[in-house]
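Down below is the structure, laid out as structure tokens.
Keep in mind it's a predicted model, so treat the numbers as computed, not measured. Convention: sequence-line order gives letters A, B, ...; per-chain numbering from 1. Atom set for the values below is all heavy atoms of this structure, side chains included, hydrogens, waters and symmetry mates excluded.
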Amino acid sequence: MSARTFIIPASDPFSFDECLWFLDRGFDECMHTILPARVRKLVPLPGNPVLVDFRAHPEGIMAELLEGDVNPGTEATLRAYVHEWLAPQQDILPFYDKLARIPAMAYMPEAFKGLRLIGIPDLFEALAWSIIGQQINLPFAYRLKRRMVERWGESYDFGGTAYHLFPAPSVMAQADPAELRAMQFTGRKSEYIIGVAKQFAEGHVSKAALLALPGLEARRRALTDLRGIGIWSANYALMKSLRDATCIPHGDAGLLNALLSHQLISSKSDQAAMEKLYRKFKGWESYMVAYLWRSLAVKS
DNA sequence: ATCCAGGTGCATT
DNA sequence: AATGCACATGGA
């Protein structure tokens, strides 16, 4: 009999509460369920989805398998998944040193202590989500995602609560764009999502293939070659799914607002100030963005 | 009402 | 290479 409870160690500083904050920002999120001091998620281990309960533990995170079969490889795969999702073992102290050098951001290591960049391990999910979120407000984007997930994603009911997997590319590749359109996706977004799904289903795109490319620029190019994936979406997916540390979703509405509110730029077109700031976060650009996004939730 | 939302692709200069 | 525009709808 295999263990059903795992301790996933974290490197200091790590805050499970900050993870929960991100996962529970008041949006209609359908990919996990928040309970007091814990989050439950259907984790898509290959061929064997498992329902996992995550909560804080003195050493980091405690993960408890609530439903699903435990195989010899389950623990290792689950640990790898959590690393891609929450990165509890990433050493963020070098990033905090950089924050401390920017007066307007020097409060962040204390205010957001232990916050990690929360990832989206499934590359197709990250890309589809980036398409959904283009040029609309977040509450509406979450509503669209829920409609798509509930219509095409695998669903499991545990104790009266529905848990979902993000729809597989092979399923979305066969979807009728008119159905997405009827769910208030734009006609264009319907085409984009189904088109990207087809590229996955036909084997032209995969996370492994993207990782095998020689460098960031090649990866960016491979993504922006997809119709519907512009530079913003490519950088978003590289940051959230491949956990590339150096990606900035240039032009992002939230990022620009955060830069303005911290008076780090004088206007949304102040490219010079942006580049000057970004240079100071070399190697940690993605974390800089994540923390600026975090700051948006703090009332000014 | 009006403007802005986690933008992108395509047509026109 | 730069600029303009449609896309669709919700929230403030």
Side-chain angles (χ1 to χ4, degrees), chain A residues 21-31 112 115-120 122-149 166 176-199 205 220-244 246-262 264-265 267-272 274 278 285-300:
Chain A
W21 169 83
F22 182 88
L23 296 170
D24 185 27
R25 285 170 295 164
F27 296 120
D28 181 26
E29 175 61 74
C30 59
M31 299 306 294
F112 311 141
L115 171 68
R116 301 308 160 101
L117 193 159
I118 307 296
I120 302 175
D122 179 347
L123 177 61
F124 175 63
E125 178 182 345
L127 289 171
W129 178 229
S130 80
I131 291 169
I132 292 171
Q134 287 166 10
Q135 193 61 16
I136 59 175
N137 61 68
L138 239 20
F140 184 45
Y142 276 95
R143 201 176 316 152
L144 295 181
K145 181 171 79 165
R146 175 178 287 281
R147 289 173 186 157
M148 174 176 156
V149 167
F166 198 77
D176 180 355
E179 253 191 280
L180 282 168
R181 182 64 194 88
M183 295 175 179
Q184 295 182 293
F185 287 65
T186 65
R188 209 98 70 164
K189 286 184 181 180
S190 306
E191 293 171 16
Y192 295 165
I193 289 170
I194 291 169
V196 170
K198 284 179 175 167
Q199 293 297 305
V205 181
R220 246 198 289 258
R221 171 62 69 86
L223 291 177
T224 54
D225 280 349
L226 298 167
R227 187 160 176 270
I229 302 301
I231 189 62
W232 177 87
S233 294
N235 281 321
Y236 181 85
L238 288 165
M239 171 194 312
K240 299 283 281 187
S241 195
L242 273 65
R243 302 199 67 90
D244 187 291
T246 66
C247 286
I248 300 168
H250 294 282
D252 178 86
L255 172 61
L256 291 174
N257 284 332
L259 291 170
L260 272 176
S261 70
H262 287 78
L264 290 160
I265 56 176
S267 78
K268 290 187 177 181
S269 56
D270 188 356
Q271 296 297 325
M274 278 181 243
Y278 297 162
E285 291 89 338
S286 302
Y287 259 85
M288 178 203 69
V289 173
Y291 271 58
L292 284 168
W293 280 340
R294 172 67 179 86
S295 75
L296 291 168
V298 180
K299 63 174 189 226
S300 49

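Both tests hold for A:R25 against A:F22: distance to the six-membered ring centre under 6.0 Å, angle to the ring axis within 45°.
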Listing, residues 124-133 of chain A side-chain donor-acceptor contacts under 3.5 Å, not counting sequence neighbours, or none:
unit_1	atom_1	unit_2	atom_2	d
A:W129	NE1	A:Y236	OH	3.4
A:S130	OG	A:L127	O	2.8
A:S130	OG	A:S233	OG	3.2

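Both A:W129 and A:G228 lie near DNA chain B, and the one whose nearest nucleotide falls closer to the 5' end is A:W129. Heavy-atom nearest nucleotides on DNA chain C were determined for A:R143 and for A:Q134, and the one closer to the 5' end corresponds to A:Q134. The nearest heavy atom of DNA chain B to A:L138 and to A:T224 marks one nucleotide each, and the one closer to the 5' end goes with A:L138. Mapping A:P139 and A:I136 onto DNA chain C by nearest heavy atom places A:I136 at the nucleotide closer to the 5' end.
The distance between atom CD1 of A:I131 and atom P of B:dT8, rounded to the nearest whole Å, is 9 Å.
The list of side chain to side chain donor-acceptor pair (under 3.5 Å) pairs with a residue in residues 176-186 of chain A, not counting sequence neighbours, reads A:R147-A:Q184, A:R151-A:E179.
When all heavy atoms are compared, the tightest approach of A:S190 to A:L180 is OG-CB, 3.3 Å.
At a threshold of 4.0 Å, the pair A:E29-A:K145 counts as salt-bridged, since one of the basic side-chain nitrogens sits closer than that to a carboxylate oxygen.
Between C:dA8 and B:dT2, the two P atoms lie 22 Å apart (nearest whole Å).
One N or O on the side chain of A:Q134 and one on the backbone of A:G228 form a donor-acceptor pair closer than 3.5 Å. Remark: the backbone N or O of A:I229 is not paired with any side-chain donor or acceptor of A:Y192 at under 3.5 angstrom. Side-chain atoms of A:T224 come within 3.5 Å of backbone N or O of A:R220 as a donor-acceptor pair. A side-chain donor-acceptor contact under 3.5 Å links A:R243 to the backbone of A:L117. A donor-acceptor pair under 3.5 Å is formed between the side chain of A:S286 and the backbone N or O of A:C247.
Residue-level contact check: A:R25 touches the bases, meaning some heavy atom is under 4.0 Å from a base atom. Within the 4.0 angstrom heavy-atom criterion, no nucleotide atom of any strand lies near A:K240.
Residues of residues 187-198 of chain A having a heavy atom closer than 4.0 Å to DNA chain B, listed by number: A:Y192. Within residues 230-237 of chain A, the residues that place at least one heavy atom under 4.0 Å from DNA chain B are, in residue-number order, A:G230, A:I231, A:W232, A:S233, A:Y236.
Taking 4.0 Å as the cutoff to heavy atoms of chain A, we find the contact window on DNA chain C bounded by C:dA6 to C:dG11.
By the ring pair (Phe, Tyr, Trp, His ring centres under 6.0 Å) test, A:F140 pairs with no residue at all, sequence neighbours left out.
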